[in-house]
Amino acid sequence: MSLFLRPGVKPKVLLLSAHTDDCELGMGATIARLMRLGCDIQWLTFCNAWQSLPEGFDKDVLLREQIAAAAAYGIPEENVEILDIPVRHFPQYRQDILEALVAKGRAFQPDLVFCPSLQDRHQDHLTLAQEAERAFKRKTLLGYILPWNISAEIRTCFIEVDQSDLDTQVKALSCYDSQAHRQYFQQDALATMLKANGFKSGYTLAEAFETIRLNAPL
């Protein structure tokens with residue numbers, strides 16, 4: 001992380017989610033660490049996936065859950081933007097997605113951008129990653145890894161996190177009552193992934209990323 005931290009400069013970080021819970025699952029502990037380091041974070045989500053909700057939840061529940069999850073990290077609601085691209089139809093909306101990314105990039109001028117991995121098999125995640133690569137040609141771009149969607153070994157960047165960061169990630173994910181039934185939301189699964197990444201990288205706990213582009217000031 002020291003590559004992105006310069007004396008007197010508050011790094012600007014842009015988080016890109018296809019769906020409302022993607023970043024919390026793929027890099028939730030890293031978000032906590034970025035906040036601890038004083039980064040200026042903005043979050044752009046493209047779909048709240050209300051069509052995939054279990055019975056009994058209203059259409060807007062995922063919107064409220066992501067705002068609550070952001071608050072758990074200390075990210076204010078005004079820094080979170082949630083669009084309404086239809087779930088599982090991102091390939092049909094490539095131009096809309098690209099234009100939204102370009103507009104956000106011009107307005108925010110991020111130093112560091114996180115998006116899904118380019119190896120992610122989910123069509124929404126892959127489309128967002130491909131368009132992010134187009135939109136941020138001169139920015140450092142790291143792809144967070146959702147291992148249930150990826151078969152190849154692509155971990156080329158590791159970010160050290162600590163137990164407090166994991167605890168914050170768990171707190172943020174606990175805001176998603178509508179998704180609590182999913183296996184990958186369980187605390188033991190998250191801890192296992194961070195420990196495995198730590199074993200590979202020499203840290204106690206770490207999150208792993210695909211290095212899509214590295215353009216970091218020293």
Spell out, as yes or no, whether a donor-acceptor pair under 3.5 Å connects the side chain of [X] to the backbone of [Y].
X: Glu160; Y: Asp162; result: no
X: Asp124; Y: Arg88; result: yes
X: Tyr203; Y: Asn197; result: no
X: Asn79; Y: Ile41; result: yes
X: Asp22; Y: Ser17; result: no
X: Glu131; Y: Gln95; result: no
X: Glu210; Y: Leu118; result: yes

I'd like to know if the side chain of Thr20 pairs up with that of Glu65 as donor and acceptor (distance under 3.5 Å, no hydrogens or angles considered). no
Decide whether Asp167 and Gln163 meet the rule of one side-chain donor and one side-chain acceptor closer than 3.5 Å. yes
Do [X] and [Y] sit in the same hydrophobic cluster, where Ile, Leu, Val, Met, Phe, Trp and Tyr count as joined when their side-chain heavy atoms come under 4.5 Å apart?
X: Leu194; Y: Phe185; result: yes
X: Leu14; Y: Val80; result: no
X: Ile145; Y: Leu128; result: no
X: Leu126; Y: Ile85; result: no
X: Leu173; Y: Val61; result: yes

Working to the nearest 0.5 Å, report the span between [atom1] of [X] and [atom2] of [Y].
X: Asp84; Y: Thr45; atom1: CG; atom2: OG1; result: 12.0 Å
X: Leu141; Y: Asn215; atom1: CG; atom2: CG; result: 11.0 Å
X: Gln179; Y: Cys175; atom1: CD; atom2: SG; result: 12.5 Å
X: Leu62; Y: Ile67; atom1: CG; atom2: CD1; result: 11.5 Å
X: Ile159; Y: Leu34; atom1: CD1; atom2: CG; result: 6.5 Å
X: Ile82; Y: Gln66; atom1: CD1; atom2: CD; result: 4.0 Å

Side-chain touch [X]/[Y], heavy atoms, less than 4.5 angstrom:
X: Trp148; Y: Leu25; result: yes
X: Ser151; Y: Arg121; result: yes
X: Phe108; Y: Leu44; result: no
X: Val161; Y: Leu166; result: no
X: Ile154; Y: Ser117; result: yes
X: Ile31; Y: Ile75; result: yes
X: Gln187; Y: Gln169; result: no
X: Pro116; Y: Leu146; result: no

I need the minimum non-hydrogen distance between [X] and [Y], along with the two atoms involved.
X: Tyr176; Y: Ala69; result: CE1-CB, 3.8 Å
X: Phe136; Y: Gly105; result: CE2-CA, 3.7 Å
X: Ala18; Y: Phe90; result: O-CZ, 3.5 Å
X: Ala49; Y: Cys47; result: N-SG, 3.1 Å
X: Cys115; Y: Ala129; result: SG-CA, 4.1 Å
X: Cys23; Y: Leu15; result: SG-CB, 4.0 Å

Please determine whether a side-chain nitrogen of the Lys or Arg among Asp58 and Arg64 lies less than 4.0 Å from a carboxylate oxygen of the Asp or Glu. yes
Electrostatic pair Glu207-Arg33, nearest N-O below 4.0 angstrom: no
Look at the rings of His122 and His19 and say which category their plane angle falls in: under 30° parallel, 30 to 60° tilted, over 60° perpendicular. perpendicular
Exactly one of Thr140, Leu101, Leu16, Ile212 should register a side-chain contact (heavy atoms from CB on, under 4.5 Å) with Val113. Which one does? Leu16
Check against side chain to side chain contact (heavy atoms under 4.5 Å, CB included), Glu153 and Lys200: CA-CA 12 Å; Glu153 178 51 64; Lys200 291 184 178 183; 3.2 Å; yes
Under the side chain to side chain contact (heavy atoms under 4.5 Å, CB included) criterion, do Gln109 and Lys139 qualify, and how do the steps go? CA-CA 9 Å; Gln109 293 294 319; Lys139 303 292 183 180; 3.9 Å; yes
With sequence neighbours excluded, tell me which residues meet ring pair (Phe, Tyr, Trp, His ring centres under 6.0 Å) with Phe209. Phe114
Stepwise, does the side chain to side chain contact (heavy atoms under 4.5 Å, CB included) test hold for Asp96 with Leu83? CA-CA 11 Å; Asp96 295 323; Leu83 306 181; over 6 Å; no
Counting only heavy atoms not in [X], do more than 12 sit closer than 6.0 Å to its [atom1] atom?
X: Phe57; atom1: CZ; value: yes
X: Gln186; atom1: CD; value: yes
X: Lys171; atom1: NZ; value: no
X: Tyr93; atom1: OH; value: no

Might you work through the side chain to side chain contact (heavy atoms under 4.5 Å, CB included) test for Thr211 and Leu142, ending with a clear yes or no? CA-CA 5 Å; Thr211 306; Leu142 299 180; 4.3 Å; yes
When Gln42 is tested against each of Lys104, Glu78, Lys12 for side-chain hydrogen bond (donor to acceptor under 3.5 Å, both in side chains), which residue passes? Lys104
